[in-house]
Amino acid sequence: MSAETTLARAITEQLARLGVDAPADAVQLSRPQRPEHGDWSTNVALILYKQAERRPRDLAEELAGALRDSTIEHVEAIEVAGPGFINFKLSPRWLHDILREVVAGGETGYASPDLGRGERVQIEFVSANPTGPLHVGNGWFASYGDALGRIMSRAGWKVQREYYVNDTGGQIRALGESILARRRGESVPEGGYQGAYVAELAEQYDGPEEVVAAGRFAADRILDNIKETLEQIHVRFDEWYSQASIEESGQVADTIAFLRRQGHVYEEDGAVWLRSTAFGDTRDRVLVKSNGDATYLAGDLAYHRDKFLVRGFDRVINVWGADHHGQVASIKAGVEALGVEPGRLEVRLGQLISLVGHRMSKRAGIYVPLSDLIQILGADAARLVTLLASIDQATTLDLDRLTAESAENPVYYVQYAHARIASIDRVAAERGIARVPIEATDLSLLTHPRELDVLRSLVELPRVVTDAALERAPYKVTNWVRSLAAAFHGFYHDCYVMGEDVPPELTQARLWLVEAARIGLAIGLGLLGVDAPEQM
RNA sequence: GCCCUCGUAGCUCAGUGGAUAGAGCACCGGCCUCCGGAGCCGGGUGCGCAGGUUCGAGUCCUGCCGGGGGCGCCA
């Protein structure tokens with residue numbers, strides 16, 4: 001049983017003796033920020049003092065007294081502080097238990113809470129139109145979606161990664177017109193694509209003078225380029241889902257017919273409308289234009305019908321840019337109209353990235369290609385810069401600064417910690433020092449503050465994985481892995497594992513500590529999709 | 001005009017009701033007889049503004065100011 005659980009039970013038990021019937025969620029343990037506040041702390045007296053009809057401090061004192069009279073594993077001291085916090089100081093043994101837990105769980109088992117219970121979740125992300133190369137904003141979402149998939153997989157979900165390929169409709173026509181105009185030696189028409197890649201593709205295109213044919217040709221080539229770029233940052237998709245295939249298979253018509261049978265559709269001004277206001281939208285939406293074409297929404301609804309009702313995902317997470325904000329209410333309303341419980345669809349709006357000085361625009365050819373960023377920083381650093389911050393926060397990128405600071409990228413700090421561990425292992429092997437089984441190792445020798453800091457960091461990982469998964473927040477893993485690396489560097493600096501003054505028993509205990517740190521770093525870096533190198 | 005979102009250190013960002021608000025970068029000083037100095041240690045300025053709720057507010061509520069996004073028979 002974890003120290004946290006043990007404490008929570010003891011608190012609930014003693015409260016009952018004092019005649020206070022605590023609701024389950026009232027008893028909460030937290031790790032105090034300041035070390036003098038102990039290893040664990042509870043604010044339960046501040047939560048329950050009214051119910052208990054006592055003053056906060058009095059309830060805290062009473063409860064602390066009762067807890068002192070009982071025996072709780074590892075607890076060395078109990079103190080009341082501040083307005084009524086109860087702080088627990090534990091023997092380092094509780095951290096030695098954690099070390100055994102980490103080693104026993106290993107890279108696959110430690111910090112792998114089963115939150116998803118095998119639920120099938122689809123994460124759809126990037127899904128950039130194949131009308132131009134990926135830019136750094138797409139890369140941000142690519143790293144995010146991929147890391148989220150890794151985290152949710154670890155937390156018990158069955159994850160599928162999907163890229164929705166918008167290979168039909170107006171943008172493909174605009175692309176085709178741009179290609180044909182370039183081939184004729186004319187300038188690109190209004191609303192067309194200006195980038196240099198358009199000129200290149202125009203040269204390669206030797207097909208007929210048809211807009212759609214030219215557009216498809218270009219889109220295919222661009223999609224290949226997109227896949228290649230994503231490979232470079234180690235983002236792989238399970239499925240590349242073609243919008244054209246949905247239209248051609250008749251699913252769009254089927255979806256509209258289904259909605260019509262359910263009575264959610266009406267005709268007005270020669271168009272077919274979805275009564276989305278009945279499902280919380282701010283206005284009704286057109287599904288079929290008066291010229292007979294289906295709208296983007298109609299296609300998107302067919303796509304979501306396919307996700308939920310044909311392929312049967314329990315949950316769907318769409319990672320969209322904040323500029324698609326206006327679509328959220330419509331797609332949610334439409335999905336509900338299809339009979340899907342709307343809570344199963346989750347739309348994560350990622351904030352946009354702006355560049356110092358100007359906005360990115362694919363049409364105008366103003367953007368920083370993701371491939372450039374990867375070339376400058378390398379895959380690992382490029383991924384990590386995008387995983388440092390919450391995706392809910394609008395970010396400004398200064399490419400010049402990133403380039404200048406590439407050697408200062410936090411990724412090296414973390415990778416260096418991992419490489420140092422590998423180095424210790426190499427040296428141990430050279431000197432013929434092998435780890436004895438952990439059962440035969442005296443872990444109680446680990447009492448140095450630096451050693452305990454490493455263990456305290458490892459304690460946090462299960463909670464970090466849980467929070468990151470539930471909040472869809474990979475950056476929490478990034479922050480954690482940096483803090484573990486910091487603890488390890490401190491340990492490495494102050495505590496020699498093998499040395500003249502280090503007794504063999506201590507070397508053994510420290511070797512296990514190092515192994516636990518290695519496991520933690522490998523887990524964290526693995527969740528971020530960043531390589532954990534043996535050497536740098 | 002209406003809706004959403006964000007405003008924390010010079011810069012990039014953590015801190016989603018707890019105790020004295022943190023980290024990286026940048027800047028200034030220290031630290032290599034032993035496992036890799038891409039490291040360690042020290043140095044400081046800040047919650048946009050004004051009310052409210054609470055034992056307690058950077059965090060929740062209201063208003064204002066400022067940045068971004070959205071309100072198509074575009075995709």
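From a predicted model like this one, the values you see are computed outputs, not experimental measurements.
Side-chain proximity of A/His493 to B/C40, B/A14, B/A75: nearest is B/C40. Comparing B/A75, B/C73, B/G15 against the side chain of A/Lys476 picks out B/G15 as the nearest. Among the nucleotides B/A38, B/A75, B/G18, the one closest to any side-chain atom of A/Asn166 is B/A75. Counting only heavy atoms from C-beta on, A/Ala389 has its side chain closest to B/A14 among B/C40, B/A23, B/A14.
The main-chain N or O of A/Thr277 is found under 3.5 Å from a side-chain atom of A/Asp284 such that the two form a donor-acceptor pair. Side chain of A/Asp167 to backbone of A/Gln243: a donor-acceptor contact under 3.5 angstrom is found.
Residue A/Gln33 is out of contact with every strand shown, counting any heavy-atom pair closer than 4.0 Å. Residue A/Asn43 is in base contact, counting any heavy-atom pair closer than 4.0 Å across all strands shown. In this structure, A/Gln415 reaches neither bases nor backbone, as no heavy-atom distance under 4.0 Å exists between it and the strands shown. Contact annotation for A/His37: base contact, defined as any heavy-atom pair under 4.0 Å involving a base atom. Heavy atoms of A/Asp269 sit under 4.0 angstrom from at least one base atom. Within 4.0 Å (heavy atoms only), A/Arg55 reaches no atom of the nucleic acid at all. Using a 4.0 Å heavy-atom cutoff across all strands shown, A/Ser30 reaches no nucleic acid atom at all. Counting non-hydrogen atoms under 4.0 angstrom, A/Lys50 reaches the backbone sugars and phosphates but no base. Across all strands shown, A/Ser330 has no heavy atoms under 4.0 Å from either base or sugar-phosphate atoms. Across all strands, A/Glu267 comes closer than 4.0 Å to no nucleic acid atom at all (heavy-atom distances). If you check every strand for non-hydrogen atoms under 4.0 Å, A/Tyr49 touches a base. At a threshold of 4.0 angstrom between heavy atoms, the contacts of A/Ala81 include nucleobase atoms, whether or not backbone atoms are also involved. As judged by a 4.0 angstrom heavy-atom cut-off over every strand, A/Ala271 is placed among the base-contacting residues. Residue-level contact check: A/Tyr475 touches the backbone only, with heavy atoms under 4.0 Å from sugar-phosphate atoms and none from bases.
Remark: the separation of the P atoms in B/G46 and B/A50 is 15 Å, to the nearest Å. Comparing the C1' positions of B/C6 and B/A19 gives a spacing of 28 Å, expressed to the nearest Å. Remark: the separation of the C1' atoms in B/G22 and B/U8 is 10 Å, to the nearest Å. Nucleotides B/U62 and B/C27 are separated by 44 Å at their P atoms, to the nearest Å.
For the pair A/Leu388 CG and B/A14 P, the interatomic distance rounds to 9 Å; values are reported in whole Å. Going from atom CZ of A/Arg57 over to atom C1' of B/A19 covers 12 Å, rounded to whole Å. Whole-Å rounding puts the A/Leu387 CG to B/C13 C1' distance at 14 Å. To the nearest angstrom, C1' of B/C34 lies 14 Å from CZ of A/Arg420. The CG-C1' distance, from A/Leu377 to B/C25, rounds to 14 Å in whole Å. Here the P atom of nucleotide B/G72 and the CG atom of A/Asn291 are 18 Å apart, to the nearest Å. Between the P atom of B/A75 and the CG atom of A/Asp300 lies a distance of 11 Å, rounded to the nearest Å. Separating the CD1 atom of A/Ile256 from the P atom of B/C73 is a distance of 15 Å, rounded to the nearest angstrom.
Put simply, A/Arg450 has a side-chain N or O that comes within less than 4.0 Å of OP1 or OP2 on B/C41. The phosphate of B/C35 has neither OP1 nor OP2 within less than 4.0 Å of any side-chain N or O from A/Arg510. Residue A/Lys289 places at least one side-chain N or O under 4.0 Å from the OP1 or OP2 atom of B/A75. Proximity of A/Tyr413 to the phosphate of B/C40: a side-chain N or O atom is located under 4.0 Å from OP1 or OP2. Contact between the side-chain N/O atoms of A/Arg283 and the OP1/OP2 oxygens of B/G72 is found at a separation under 4.0 Å.
Side chain to side chain, A/Asp306 and A/Tyr241 meet the donor-acceptor criterion of an N or O pair below 3.5 Å. No side-chain donor from either of A/Tyr296 and A/Gln171 sits under 3.5 Å from a side-chain acceptor of the other.
Separation of the A/Phe491 and A/His448 ring centroids does not fall under the 6.0 Å cut-off. Proximity of the aromatic rings of A/Phe279 and A/His264 is defined here by a centroid distance below 6.0 angstrom, and this criterion is met. Within the 6.0 Å centre-distance limit, the rings of A/Tyr163 and A/Trp240 are counted as a close aromatic pair.
Checked for salt-bridge contact, A/Asp494 and A/Arg450 meet the test: a charged N lies under 4.0 Å from a carboxylate O. In summary, A/Asp380 and A/Arg383 do not engage in a salt bridge, as defined by a charged side-chain N under 4.0 Å from a carboxylate O. With salt bridges taken as basic N to acidic carboxylate O contacts below 4.0 Å, one links A/Glu267 and A/Arg260.
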Checking ring pair (Phe, Tyr, Trp, His ring centres under 6.0 Å) for the pair A/Phe125/A/Tyr144: CA distance, chi angles, key distance, verdict? CA-CA 9 Å; A/Phe125 59 110; A/Tyr144 171 84; 8.2 Å; no

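For A/Thr295 and B/C73, a side-chain-to-base donor-acceptor distance below 3.5 Å is absent, hydrogens and geometry of angles not being considered. At a cut-off of 3.5 angstrom, the base of B/A19 holds at least one donor-acceptor pair with the side chain of A/Asn87.
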As a check on the pairing definition, encode RNA chain B in dot-bracket form, counting Watson-Crick and G-U wobble pairs whose two distances are under 3.5 Å, and using | for partners outside this strand. (((((((..((((....[...)))).(((((.......)))))....(((((..]....))))))))))))....

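For B/C6, the base adopts the anti conformation, since its glycosidic angle falls more than 90 degrees from zero.
Along RNA chain B, the nucleotide nearest A/Thr282 and the nucleotide nearest A/Pro56 are compared for position; the residue whose nucleotide lies closer to the 5' end is A/Pro56. A residue-by-residue look at A/His325 and A/Arg34 shows that A/His325 has its nearest nucleotide of RNA chain B further toward the 5' end.
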